[in-house]
Amino acid sequence: MSNIFKILHAVGLIFVAVGAGLYLFTEVASQVSGMLVVACLIGLGFVIMAPYPVALVFSWAQKQAVNSTDDEQDK
């Protein structure tokens with residue numbers, strides 16, 4: 001499951017990079033349709049990237065829970 005979120009995180013980074021590149025290095029953002037494309041790329045990139053850190057926290061918490069139950073059984 002974590003691998004899917006890693007791939008989605010990378011895709012989100014690419015979306016943000018492409019959107020920022022279009023905004024900074026081209027004249028696409030000077031037209032309304034270009035503004036829409038740039039905003040959608042950057043926004044979707046951030047939305048696609050968002051679940052990965054949450055998944056990392058959940059996997060870390062599950063590992064901590066397993067380790068704490070192991071420690072309690074060793075006592």
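Summarising the hydrophobic clusters (Ile, Leu, Val, Met, Phe, Trp, Tyr; side-chain heavy atoms under 4.5 Å, direct or chained), the residues clustered with V57 are none.
Cluster annotation: V16 and M35 are assigned to distinct hydrophobic clusters (Ile/Leu/Val/Met/Phe/Trp/Tyr, side-chain heavy-atom contacts under 4.5 Å, transitive). Under a hydrophobic clustering in which Ile, Leu, Val, Met, Phe, Trp and Tyr are joined whenever their side-chain heavy atoms come within less than 4.5 Å, directly or via other members, V32 and V28 fall into different clusters. At a threshold of 4.5 Å between side-chain heavy atoms, the hydrophobic network of Ile, Leu, Val, Met, Phe, Trp and Tyr places V47 and V37 in two separate groups. Cluster membership for F5 and L56, using ILVMFWY side-chain heavy atoms within less than 4.5 angstrom, is shared.
Taking each heavy atom of V38 and A29 in turn, the nearest pair found is CG2-CB, 4.4 Å.
Residues that satisfy the side chain to side chain contact (heavy atoms under 4.5 Å, CB included) test with V18, not counting sequence neighbours, are I14, L22, L41.
Of the candidates Q64, K63, Q62, Q64 is the only one forming a side chain to side chain contact (heavy atoms under 4.5 Å, CB included) with W60.
Sequence neighbours left out, the pairs with a member in residues 9-59 that pass ring pair (Phe, Tyr, Trp, His ring centres under 6.0 Å) are H9-Y52.
Residues L13 and M49 form a side-chain contact, since some pair of their non-hydrogen atoms from C-beta on lies under 4.5 Å apart.
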